[in-house]
Amino acid sequence: MTSLFAIVDCNNFYASCERVFNPALNSRPVVVLSNNDGCIIALSNEAKALGVKMGTPYFQARPQLEEYGVAVFSSNYELYGDMSRRVVETLQQFTPNLEVYSIDESFLDLGDFYKVDLQEYARTIKETVKQWTGIPVAVGVATTKTLAKVANRISKKSAKANGVLVLTDERHIEAALKRTEVGDVWGIGRRYANKLAGLGIHTAWDLRNVTDAFAKKHLTVVGLRTVKELRGESCMELEHMPPAKQNICTSRSFGKTLTELTELEDALATHTIRCATKLRKQKSCAGVITVFLMTNRFTEQHYYYSRTVKLDSPTNSELELLRHATKALKQMYRPSLQYKKAGVIVSDIVPANQVQLSLLTSHNTDRDNKLMQTLDSLREKYGNKFVKYGVQGSNEAIKKWELNRDHISACYTTDITGLLKVS
DNA sequence: TCTGGGGTCCTAGGACCC
DNA sequence: TCTGGGGTCCTAGGACCC
């Protein structure tokens, strides 16, 4: 029984999302910036054709962008998240055996579809997603996830393929792997690509033909799996249910540098609450919380402070996490430094229903759980900004550390608090 | 002036125990 | 006091992904 996978990948996803609700952009190059308007993280094909590169700091690219009349957007994750859901719902019409791999990519298990015309089927997927959501996608089909990714990549580049490539024929696979650079293989990053080049491995085809021992020695067992997948031996199953996260991190750069303890408390409280909310959403508790502060990493003197606290008993109560985070912050804080970024990481995560209550803390837990449930539903209804703690300060104070989002698009699919509009 | 955020997995080496 | 070996756990660092 041979496996069969499709990977459906949205083209230039964030840029495409901006275009869906603003058709005037269809004739213009579009870029989307990272948080804080820092770097370019998405480009339309037209912007790529101008030579603008992914990851470039906005302030460096800005003159060029203005010269060419490129449309520039701050990232709008409410919009992208909502569009992502629409794409997934469309794909679910084709098969329930689907893995949402990232905000813009899904794997489909086509294991039972050998009898259908795959080319035709893949094209129907692509056209349906475009028609129902407005988002252009590319579809790659093969017997392993890694080969499907290769097919997907080529389908975008080849005019003939036009966004759909079924890679099941041995001769076609060989040709595809020969024209794929080794660094473009899923699982081979820049470091490994350089290392492999030094060892005479330049294409995906070269990599497919190394021995198992060679792969394991130079690329660890992870790389060996990649090599096997390139040979057509499926080593990565579809993951229907994403496993609960083992670490959860919320961090942001500030719009401006901060020096005051109260401002940092405010920012970190918001991050802590987001971490706690994420924990509750996946029904987990964390046994360890880490708080970190850093100054600008691009200046000569760069400071990074962090403090890790092991809790008596795992929790997802933001009240308790806030207590520890605030205390840790006070211990780390040095006045007179220009802080640029802060964050909270919760780890040692366990399922909430497996938490052993310590006698010391158990009397609080019931009350906390009920309060957290209430807060979650209030926030879902009225938005995150609706419920706040004293430590989070007034709305005035928040402006100082909030992100720069000078080029944000309108909230087409959500209102300002992140609520779904009823349409 | 301005440089993102959030994850996973594997390995090597040290600490510690028997 | 000296000696050897093996197992486990933890951490830091390095690689990758989107």
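Values below: all heavy atoms of this structure, side chains included; hydrogens, waters and symmetry mates excluded. Chain letters run A, B, ... following the sequence lines, proteins first, then strands; residues in each count from 1.
Nucleic acid contact for A:L219: none, since no nucleic acid atom lies under 4.0 Å from a heavy atom of the residue. Residue contacts for A:K340: at a heavy-atom cut-off of 4.0 Å it reaches the sugar-phosphate backbone alone, with no base atom in range. Using a 4.0 Å heavy-atom criterion, one finds that A:N404 contacts no nucleic acid atom at all. Among the atoms of the strands shown, none is found under 4.0 Å from any heavy atom of A:R62. Counting non-hydrogen atoms under 4.0 angstrom, A:I188 reaches the backbone sugars and phosphates but no base. As judged by a 4.0 angstrom heavy-atom cut-off over every strand, A:Q246 is placed among residues touching the sugar-phosphate backbone only. At a threshold of 4.0 angstrom between heavy atoms, the contacts of A:V32 with the nucleic acid are absent. No engagement by A:S75 is indicated, since no non-hydrogen atom pair under 4.0 Å with the nucleic acid exists. At a threshold of 4.0 angstrom between heavy atoms, the contacts of A:F298 include nucleobase atoms, whether or not backbone atoms are also involved. Across all strands, A:R274 comes closer than 4.0 Å to no nucleic acid atom at all (heavy-atom distances).
Between A:F94 and A:Y121, a ring centre-to-centre spacing shorter than 6.0 Å is recorded.
Between C:dG4 and B:dC16, the two C1' atoms lie 16 Å apart (nearest whole Å).
Nearest-nucleotide positions on DNA chain B for A:G38 and A:S251 put A:G38 closer to the 5' end. When each of A:P57 and A:T220 is assigned the nucleotide of DNA chain B with its nearest heavy atom, A:P57 is the one assigned upstream, toward the 5' end.
The environment of A:K283 atom NZ is sparse: at most 12 non-hydrogen atoms of other residues, nucleotides or ligands sit within 6.0 angstrom. In the displayed structure, A:R231 atom CZ is contacted under 6.0 Å by more than 12 heavy atoms of other residues, nucleotides or ligands. Around atom NZ of A:K216, no more than 12 heavy atoms belonging to other residues, nucleotides or ligands sit under 6.0 Å away.
With respect to the salt-bridge test (charged N to carboxylate O, under 4.0 angstrom), the residues A:E89 and A:R85 do not qualify. A salt bridge does not link A:D37 to A:R62: none of the charged side-chain nitrogens sits closer than 4.0 Å to a carboxylate oxygen.
A cation-pi arrangement, defined by a distance under 6.0 Å to the six-membered ring centre and an angle within 45 degrees of its axis, is present between A:R334 and A:Y305.
Near DNA chain B, defined here as any heavy-atom distance below 4.0 Å, there are no residues from residues 134-153 of chain A.
The two residues A:F292 and A:S306 make their nearest non-hydrogen contact at CB-CB, 3.8 Å.
For B:dC9, the paired nucleotide is C:dG14, the pair qualifying as Watson-Crick or G-U wobble because both relevant distances are below 3.5 Å.
A 4.0 Å heavy-atom criterion places the boundary nucleotides of DNA chain B facing chain A at B:dC2 to B:dT11, written 5' to 3'.
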Take A:E99 and A:K145 through the salt bridge (charged side-chain N to carboxylate O under 4.0 Å, His left out) test and state the conclusion after the steps. CA-CA 11 Å; A:E99 170 188 342; A:K145 283 180 163 181; 2.7 Å; yes

